[in-house]
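Have a look at the structure below before the remarks.
In each ligand, atom 1 is the first atom listed, and ligand 1 is the first ligand listed. In what follows, residues are counted from 1 in the order of the sequence shown.
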Amino acid sequence: MTIRWYPGHMGKALEKMSEAIRKIDVVIEVLDARLPASSSNHQLQEIRRNKPCIKLLNKHDLADPNITKAWVRYFENETGVHALPLSAKQHSETKQLIKLCQRLAPNRGRPGWPLRAMVFGIPNVGKSTLINTLAGKSMAKVGDKPAITTCAQQIDLHNGIILSDTPGLLWPNMEDQDVAYRLATSGAIGASALDYTCVGLFAAEFMMRRYPKLLADRYKLDEMPETPTAMLETIGRRLGCLISGGEIDVHRAAEAFLRELRAGKIGRVSLEEPGDFADQSASIMAEAESGQD
Ligand code: G4P
């Protein structure tokens, strides 16, 4: 038997979302393409029933393109799921989302029969950016308020589609420390909730293991420092994060390193790949890599 426990307000929020999903035709789950598993919310799987679901791999402009391809294949193995990488900031790219919604609900989108789509996602994945780009104007951000007090805002896109914002909060699985550190590395967790040095060390270790060449190019390294601490010190020296006496300010170095990583200045980086989660994904990765352009 599985025992589930949600705080009362979370239970109510899920109930309300589940109710809202009954009336919609397409579920759009916005994920961060750099960490699609860690930025997802598993409860959504439970409440979306059999509605068609688009997993939008947003911020793909920042993610490793080969790993994004592998994630697309991974998600498309799930029943009723379609994966679409895009950048919510680019109007031209969001048109693909409209086309996909229309394909998934072909009997909707006519006068009197609007296609109803709802946008879900944890904070910071780009829901508001997406809604604003699709609406062509800045809409109020309601998604980050508790569902009990909030009604989903409805936006008529004037193309047969009515888009709704999430009627509440969805949270990632923060009990898993790896998930929490990856979210912190991506910038999804606010600065007040984290220790920059710890997250910087996590990110440095990850980058040394997965993307050593990007680090070497960005910070002009002749040889790779041996430890994440030495890596942060080297970056701190390069970026001029010094305190009196010429010592490295590791905290500032970590902050600067994370800022560069999040902004894509080091390169396009994915913080997780399907193979990190399931053995069967190894073949999907290999397939994606063989299809590189
Ligand atoms: P949310 O509603 O899900 O909480 O997320 P929101 O749209 O507020 O986006 C969170 C951050 O992600 C914003 O950056 C936004 O600009 C950025 N973002 C959204 N979509 C994309 C994308 O496709 N590519 C990239 N590179 N960034 C994206 P911010 O720094 O918090 O705000 P701002 O200074 O950009 O306004």
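- Look at G121 and you'll find every heavy atom at least 4.0 Å from all atoms of ligand 1.
- Contact atoms of ligand 1 toward L62: 26 (N) (distance under 4.0 Å to a heavy atom of the residue).
- Within 6.0 Å of CD on E78 lie more than 12 heavy atoms contributed by other residues, nucleotides or ligands.
- Closest approach of G236 and I248 over heavy atoms only: CA-CG2, 4.0 Å.
- Nearest heavy-atom pair across C101 and V26 is O-CG2, 4.1 Å.
- The shortest N or O to N or O distance between P123 and ligand 1 is not under 3.5 Å.
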One pair to check against salt bridge (charged side-chain N to carboxylate O under 4.0 Å, His left out): R210 and E273. What are the steps and the verdict?
CA-CA 11 Å; R210 292 264 172 105; E273 55 186 74; 3.5 Å; yes

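- When all heavy atoms of I155 and A135 are compared, the closest pair comes out as CG2-CB, 3.8 Å.
- Between the choices R262, Q90, K89, the shortest heavy-atom distance to atom 28 (C) of ligand 1 belongs to K89.
- Nearest-residue assignment for atom 4 (O) of ligand 1 (options V125, L130, N124; heavy-atom criterion): N124.
- Residue contacts with ligand 1 for N58 involve side-chain atoms from C-beta outward but no N, CA, C or O (heavy atoms, distance under 4.0 Å).
- Residue contacts with ligand 1, taken as heavy atom pairs separated by less than 4.0 Å, involve S128 via backbone and side-chain atoms alike.
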